[in-house]
Amino acid sequence: MEKTFFMIKPDAVRRGLVGEVLSRIEKRGFTIERLELCQAKEAVLREHYAALTAEPFFSDLMAYMTSGPLLIGVLAGNDVIASWRLMMGATKPQEALPGTIRGDFAQAPSAGQSIENIVHGSDSDGSAAREISLWFS
Ligand code: IDP
Ligand code: MG
């Protein structure tokens with residue numbers, strides 16, 4: 001069974017959207033294999049987002065992801081990596097379709113703010129394996 005790593009980001013926890021997101025996962029029929037509330041450590045986040053360290057928004061991203069507790073977890077199911085990405089919607093909330101999590105619960109940031117977009121999901125087999133072992137080692 002395919003697995004993916006997912007997060008319910010600090011904005012979602014702060015806004016009381018944890019139940020809503022988990023409910024969508026359950027209704028879709030994916031298995032929640034692991035789930036943990038934590039405060040993300042900066043070193044782990046740097047590793048997680050290693051491909052983005054040169055981006056101009058990287059420090060805003062770190063501030064966002066450490067702004068409060070978040071949930072980390074593992075989902076299992078057929079084609080769960082791509083399916084969960086579709087459920088999440090596009091990275092930029094203004095491009096995320098209604099019906100997706102980001103399209104229903106997030107909006108474009110104000111100028112100079114980070115994109116707060118509720119959820120994370122691994123983007124490939126390789127990322128899923130890497131992220132699961134990084135966060136649950
Ligand atoms: P993803 O979360 O849809 O996989 P990535 O490109 O991997 O998108 O970016 C990781 C996270 O970094 C995004 O979810 C978002 O929170 C933040 N981010 C991505 N691009 C931008 C940007 O252009 N400005 C501000 N934050 C961004
Ligand atoms: Mg990504």
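Numbering starts at 1 and runs along the sequence shown. A quick note: this is a predicted structure, and the numbers were derived from the prediction, not measured. One-based numbering, in listed order, for ligands and for the atoms of each.
Cluster partners of V44, using a side-chain heavy-atom cutoff of under 4.5 Å among ILVMFWY residues and allowing indirect links, are F5, M7, L45, Y49, L52, F57, F58, L61, M62, Y64, M65, L70, I72, V74, I132, L134, W135, F136. Within the hydrophobic cluster formed by Ile, Leu, Val, Met, Phe, Trp and Tyr side chains joined at under 4.5 Å, directly or through other members, L86 stands alone, with no partner residue.
Considering each of L61, D11, D123, the one bringing a non-hydrogen atom nearest atom 12 (O) of ligand 1 is L61.
Taking 4.0 Å as the cut-off, E116 does not count as a neighbour of ligand 1 on heavy-atom distance.
Scanning the protein heavy atoms around atom 18 (N) of ligand 1, the nearest turns out to be F57 CE1, 3.5 Å.
The shortest N or O to N or O distance between R102 and ligand 1 is under 3.5 Å. Between H120 and ligand 1, no pair of N/O atoms sits closer than 3.5 Å. Between Y64 and ligand 1, no N or O atom pair is found at a separation short of 3.5 Å. Where the criterion is an N or O separation shorter than 3.5 Å, residue side chain and backbone included, I115 meets it with respect to ligand 1. By the 3.5 Å distance cut-off applied to N or O atoms, Y49 is not counted among the residues near ligand 1. Annotation: S114 places no N or O atom under 3.5 Å from an N or O atom of ligand 1; distance criterion only.
Exactly one of I101, T100, L17 qualifies for a side-chain contact (heavy atoms from CB on, under 4.5 Å) with V119. That residue is I101.
Of all heavy-atom pairs between G99 and D104, the closest is N-OD1, 2.7 Å.
Heavy-atom contacts of R85 reach the following atoms of ligand 1: 1 (P), 3 (O), 4 (O) (cutoff under 4.0 Å). Near L52, meaning under 4.0 Å from one of its heavy atoms, ligand 1 places the atoms 9 (O), 10 (C).
Residue Q94 places its CD atom among more than 12 non-hydrogen atoms of other residues, nucleotides or ligands, all under 6.0 Å distant. When the shell of 6.0 Å around CG of N78 is examined, it contains 12 or fewer heavy atoms from other residues, nucleotides or ligands.
Here the OG atom belonging to S114 is positioned 8.5 Å from the NZ atom belonging to K9, to the nearest 0.5 angstrom.
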